[in-house]
Amino acid sequence: MSSRRRLALAGFTMILMAGLGACGSGDGSQDDDPWTADDGTTSSQYDDAGGADVQETAPVPVPVTPTVRGRRNAVRHVTAKTARATRPHLVKKCTSATRQVKHTERTGRGTAKKTRTWYTTEHYQKCSKVRSGTETYTRVVRQERWCVSLDDVDGDAKRDAVWYQVTRVTYDEAAATDRLAPMKFTPEAIGCDQ
């Protein structure tokens, strides 16, 4: 075999080896596989509707509502309190008014295009609320509340007679429970102002 044919064959072999090496090996990163997670596991990101790619988002942590435990001490029903009060009496008053309305009309094409503008007068009612004396109404001074107090709150013997505002259902349950019986509930608020 001549030296020219040997050189040509050697060059072809090197090109072939380089091509096979590029196809068979990657850079070792997981970006080559779109279905590989950071820990090396695979996961599907198709939705149930049409198989389209969807972006996975981390779940939003749900805030935990504090639940209290203790021994039932007492219950309290705070009734609603109202009072009579006065306020300005407002009435609707309207007056006739006018305004100018602009109209535009375009005719023709190209260089012969013309625009005509004209105005018309429109009549309408202009209304507003004005004060006309006073009126009496019922004002809520205190909202109705249901409350329960606990002793030994969350196992602390020093936390006694702690009041909590609760729902009507929890109040009824506490009212039907013996004193110092264990209770657990989620309060609406802390305290029970009268």
Side-chain angles (χ1 to χ4, degrees), residues 28-95 97 124-194:
S29 66
Q30 295 174 353
D31 294 337
D32 294 335
D33 185 0
W35 304 108
T36 303
D38 293 338
D39 57 356
T41 59
T42 59
S43 62
S44 175
Q45 293 179 319
Y46 283 98
D47 61 11
D48 295 334
D53 241 356
V54 293
Q55 184 178 2
E56 293 183 348
T57 57
V60 179
V62 179
V64 178
T65 303
T67 300
V68 294
R69 297 173 176 83
R71 296 185 178 276
R72 185 260 203 204
N73 184 332
V75 295
R76 178 187 297 165
H77 176 214
V78 181
T79 59
K81 185 178 181 180
T82 60
R84 302 288 288 177
T86 58
R87 61 188 175 192
H89 178 65
L90 302 178
V91 296
K92 185 178 180 181
K93 184 177 180 180
C94 299
T95 57
Y124 71 101
Q125 291 289 313
K126 185 177 181 181
C127 301
S128 61
K129 288 187 176 182
V130 296
R131 179 172 177 173
S132 178
T134 60
E135 63 182 9
T136 304
Y137 72 102
T138 301
R139 180 170 61 94
V140 178
V141 179
R142 182 183 62 204
Q143 298 286 345
E144 184 177 20
R145 293 190 294 271
W146 296 273
C147 305
V148 176
S149 72
L150 296 179
D151 290 343
D152 300 341
V153 177
D154 293 335
D156 188 350
K158 296 181 180 180
R159 296 183 63 188
D160 290 339
V162 181
W163 284 98
Y164 297 96
Q165 185 177 335
V166 297
T167 63
R168 177 63 186 272
V169 174
T170 302
Y171 171 85
D172 290 341
E173 292 176 354
T177 303
D178 295 334
R179 190 176 183 276
L180 298 182
M183 285 199 68
K184 178 178 70 173
F185 56 81
T186 301
E188 298 286 305
I190 299 176
C192 187
D193 297 334
Q194 298 189 59

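Keep in mind that the numbers below use all heavy atoms, side chains included, and drop hydrogens, waters and symmetry copies. On a predicted model such as this, the values are computed, not experimentally measured, just so you know.
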Check your understanding: With sequence neighbours left out, what residues match Arg168 under salt bridge (charged side-chain N to carboxylate O under 4.0 Å, His left out)?
Key -> Asp172
Check your understanding: When you measure from the side chain of Ser149 to the backbone N and O of Ala74, does any donor-acceptor pair fall under 3.5 Å?
Key -> yes
Check your understanding: Say you draw a straight line from CZ of Arg139 to NZ of Lys81; how long is it, rounded to the nearest 0.5 Å?
Key -> 10.0 Å
Review point. If you measure from CE on Met183 to CG on Leu150, what distance do you get to the nearest 0.5 Å?
Key: 7.0 Å
Review point. Side-chain contact, heavy-atom cut-off 4.5 Å: Leu90 with Arg131?
Key: yes
**Study point:** Rounded distance [0.5 Å steps], NZ in Lys93 versus SG in Cys127
**Key:** 11.5 Å
Exercise for review: Verify the neighbour count for atom CD of Gln143: are there more than 12 heavy atoms of other residues, nucleotides or ligands below 6.0 Å?
Suggested key: no
Exercise for review: Could I get the full list of salt bridge (charged side-chain N to carboxylate O under 4.0 Å, His left out) partners for Asp160, not counting sequence neighbours?
Suggested key: none
Practice item. Output all residues satisfying side-chain hydrogen bond (donor to acceptor under 3.5 Å, both in side chains) with Asp151, sequence neighbours left out; order by chain, then residue number. Key: Asn73
Point to revise | Residues Glu144, Thr79; criterion side chain to side chain contact (heavy atoms under 4.5 Å, CB included); working and verdict | key: CA-CA 5 Å; Glu144 184 177 20; Thr79 59; 5.6 Å; no
Can I get a per-line list of side-chain donor-acceptor pairs under 3.5 Å for residues 82-89, giving both atom names and the distance, sequence neighbours left out?
unit_1	atom_1	unit_2	atom_2	d
Arg84	NH1	Thr138	OG1	2.9
Arg87	NE	Glu135	OE2	2.8
His89	ND1	Glu135	OE1	2.9

**Study point:** Arg72 side chain to Ala181 backbone, donor-acceptor under 3.5 Å
**Key:** no
Practice item. Check whether any side-chain heavy atom of Thr67 lies under 4.5 Å from a side-chain heavy atom of Lys184, and answer yes or no. Key: yes
**Study point:** side chain to side chain contact (heavy atoms under 4.5 Å, CB included) evaluation trace for Arg179 with Arg71
**Key:** CA-CA 7 Å; Arg179 190 176 183 276; Arg71 296 185 178 276; over 6 Å; no
Review point. What heavy-atom pair brings Ala174 and Val148 nearest, and what distance separates the two atoms?
Key: CB-CG2, 3.6 Å
Exercise for review: Measure across Pro66 and Pro187 and return the closest heavy-atom pair with its distance rounded to 0.1 Å.
Suggested key: O-CD, 3.6 Å
Point to revise | Inter- and intrachain pairs under disulfide (SG to SG under 2.5 Å), touching residues 131-194, at least two apart | key: Cys147-Cys192
Point to revise | Value rounded to 0.5 Å, distance of CZ in Arg69 from CZ in Phe185 | key: 11.5 Å
Check your understanding: Which pairs count as disulfide (SG to SG under 2.5 Å) when at least one residue sits in residues 156-188, sequence neighbours excluded?
Key -> none
Practice item. Take Tyr171 and Val166, measure what side chain to side chain contact (heavy atoms under 4.5 Å, CB included) needs, and give me the verdict at the end. Key: CA-CA 6 Å; Tyr171 171 85; Val166 297; 4.1 Å; yes
Check your understanding: Is there a donor-acceptor contact under 3.5 Å from the side chain of Thr177 to the main chain of Glu173?
Key -> yes
Check your understanding: So how far is it from Glu188 CD to Trp146 CH2, rounded to the nearest 0.5 Å?
Key -> 10.0 Å
Practice item. Verify side chain to side chain contact (heavy atoms under 4.5 Å, CB included) between Tyr164 and Val68, making sure each step is shown before the conclusion. Key: CA-CA 9 Å; Tyr164 297 96; Val68 294; 3.8 Å; yes
